[in-house]
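Here is the structure we will look at, set down as structure tokens.
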Number of protein chains: 2
Amino acid sequence: MAMQKKQQNFRQHLVRSGLKATRQRELIARAFFATNTHISAEALYRRVSGRDRRIGLVTVYRTLKLLKEAGLAHERQFGEGRALFEHASSERHHDHMICTHCGKIVEFENCEIEALQEEVARKLGFTIQYHKLELYGRCKECRADASGGTGRIRVVGAR
Amino acid sequence: MAMQKKQQNFRQHLVRSGLKATRQRELIARAFFATNTHISAEALYRRVSGRDRRIGLVTVYRTLKLLKEAGLAHERQFGEGRALFEHASSERHHDHMICTHCGKIVEFENCEIEALQEEVARKLGFTIQYHKLELYGRCKECRADASGGTGRIRVVGAR
DNA sequence: ATTGAAAGTGAAAGTGATTGTCAGTATCAT
DNA sequence: ATGATACTGACAATCACTTTCACTTTCAAT
Ligand SMILES: [Mn+2]
Ligand SMILES: [Mn+2]
Ligand SMILES: [Zn+2]
Ligand SMILES: [Zn+2]
């Protein structure tokens with residue numbers, strides 16, 4: 001989905017919810033849509049702050065909340081510390097592998113795991129609403145040596 | 001592993017680390033080993049507090065940290081809010097399914113999922129150090145109806 | 001049993017990410 | 001243009017811990 005389209009969606013959500021389209025919200029949403037990483041509220045604030053010094057961190061938090069409500073952003077909590085936000089829009093569900101050394105975040109999808117999760121839940125008498133699967137370890141670069149192959153990966157992370 | 005044995009292990013860890021065996025640590029560890037749930041520091045504090053009013057919440061936190069270092073406790077962070085602790089000792093690795101309605105926690109093991117995780121990591125060029133798999137949904141009781149079967153489950157949760 | 005260096009304790013203050021409050025400001029349907 | 005309603009930023013508050021600090025307790029060496 002193009003940035004323009006996302007911005008449009010956001011405005012629609014605001015109108016439908018009886019909210020107002022403010023200069024701050026425009027700026028923050030634009031800056032968010034311009035990213036393609038997992039970004040913290042603080043980091044997004046720093047970016048927006050560069051364009052307009054008068055914007056507050058609090059408003060960034062509030063706008064990210066609105067973006068979540070609009071279904072345009074996902075909030076992730078990797079380990080402890082600050083939350084990271086990423087685009088939700090059209091992208092399919094995915095899980096994350098995080099390097100404990102350099103913080104690199106790699107996204108992956110695995111239908112087999114998803115199917116097995118459903119099976120586990122069914123056996124336990126549960127209905128899954130959502131899940132959290134995070135693999136933590138060392139990436140190729142963060143091990144002294146070098147070896148192993150890859151597939152279709154997206155390296156997407158920034159604090 | 002029996003409670004006595006665990007208490008013994010804890011004392012050994014203290015001695016090896018040049019730490020002291022205090023009345024408070026004995027009491028807190030005993031109370032922890034007496035649980036078989038996922039328990040918060042606060043909840044454990046309330047239990048110990050019943051036996052000895054003079055013990056502080058801070059010391060409970062400190063002792064839980066020691067128990068982790070001794071390899072006798074695991075700390076879990078389900079969703080947001082306070083951490084829950086459980087015995088580590090002999091029990092094998094397991095993951096969790098959590099009811100978003102009543103908070104019930106059910107443990108499960110699934111070798112196939114574990115194997116697939118390793119495969120994913122290998123393809124991405126990572127070496128897994130640890131992982132987090134949590135399924136969130138509604139349990140049988142928390143859906144209006146009743147149906148479905150189970151396997152070997154342990155329902156283990158308490159805040 | 002005594003001693004004293006090192007570690008431990010509880011109370012209270014601090015932390016850090018996020019959320020709530022509030023008085024002044026901006027938006028937008030009319 | 002206008003006014004009801006929503007929004008904003010600064011600041012305070014929250015929440016789950018963690019740190020600090022002025023005493024206590026432990027325990028190896030007497
Ligand atoms: Mn992602
Ligand atoms: Mn468990
Ligand atoms: Zn790395
Ligand atoms: Zn339930």
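Just so we're on the same page: letters track the sequence lines, and every chain starts at 1. Note that these values count all heavy atoms, side chains included, but never hydrogens, waters or copies made by symmetry. Nothing here was measured: the structure is a model prediction, and the numbers come from that model.
Summary of the strand contacts: B:Gly18 and B:Val58 both lie near DNA chain C, and taking for each the nucleotide with the nearest heavy atom, the more 5' one is attributed to B:Gly18.
The B:Arg82 side chain lies nearest to D:dA16 when the options are D:dA6, D:dA16, C:dG20. For B:Glu75, the listed nucleotide lying nearest its side chain is D:dC17; candidates were D:dC17, C:dT9, D:dT26. Checking C:dG20, D:dT26, D:dT18 against the side-chain heavy atoms of B:Lys20 singles out D:dT26 as nearest.
A straight line from CZ of B:Arg46 to P of D:dA16 spans 11 Å, rounded to a whole angstrom. One interatomic measurement links the two molecules: OH of A:Tyr45 to C1' of C:dT18, which rounds to 15 Å at whole-angstrom precision. The nearest whole Å value for the distance from the CG atom in B:Leu27 to the P atom in C:dT9 is 11 Å. Spacing between atom NZ of A:Lys65 and atom C1' of C:dT18 amounts to 10 Å, rounded to whole angstrom units. The distance between atom CZ of A:Arg62 and atom C1' of D:dA10, rounded to the nearest whole Å, is 10 Å. Atom-to-atom, CG of A:Leu19 to C1' of D:dC7 comes out at 10 Å; the value is rounded to the nearest Å. The interatomic distance linking B:Leu14 (CG) with C:dG8 (P) rounds to 8 Å, in whole Å. Whole-Å rounding puts the A:Leu66 CG to D:dC7 C1' distance at 11 Å.
Regarding contacts with the backbone of C:dT9, a side-chain N or O of B:Thr22 is found under 4.0 angstrom from either OP1 or OP2. Between A:Tyr61 and C:dT19, a side-chain N or O to OP1/OP2 separation shorter than 4.0 Å is absent.
Looking at heavy-atom distances under 4.0 Å, A:Ile55 makes contact with sugar-phosphate atoms alone, never a base. Across all strands, A:Arg25 comes closer than 4.0 Å only to sugar-phosphate atoms, never to a base (heavy-atom distances). Backbone-only contact: B:Ala21 has heavy atoms under 4.0 Å from sugar-phosphate atoms and none from a base.
The pair A:Glu134-A:Arg76 does not meet the salt-bridge criterion, since no charged nitrogen lies less than 4.0 angstrom from a carboxylate oxygen. Using a 4.0 Å cut-off between charged side-chain N and carboxylate O, A:Asp95 and A:Lys132 make no salt bridge. A salt bridge links A:Glu26 with A:Arg30: the closest approach of a Lys/Arg side-chain nitrogen to an acidic carboxylate oxygen falls below 4.0 angstrom. Between A:Lys104 and A:Glu141, at least one side-chain N (NZ, or NE/NH1/NH2) sits under 4.0 Å from a carboxylate O, which counts as a salt bridge.
Few gaps surround CD on B:Gln12; more than 12 heavy atoms of other groups in view lie less than 6.0 Å from it.
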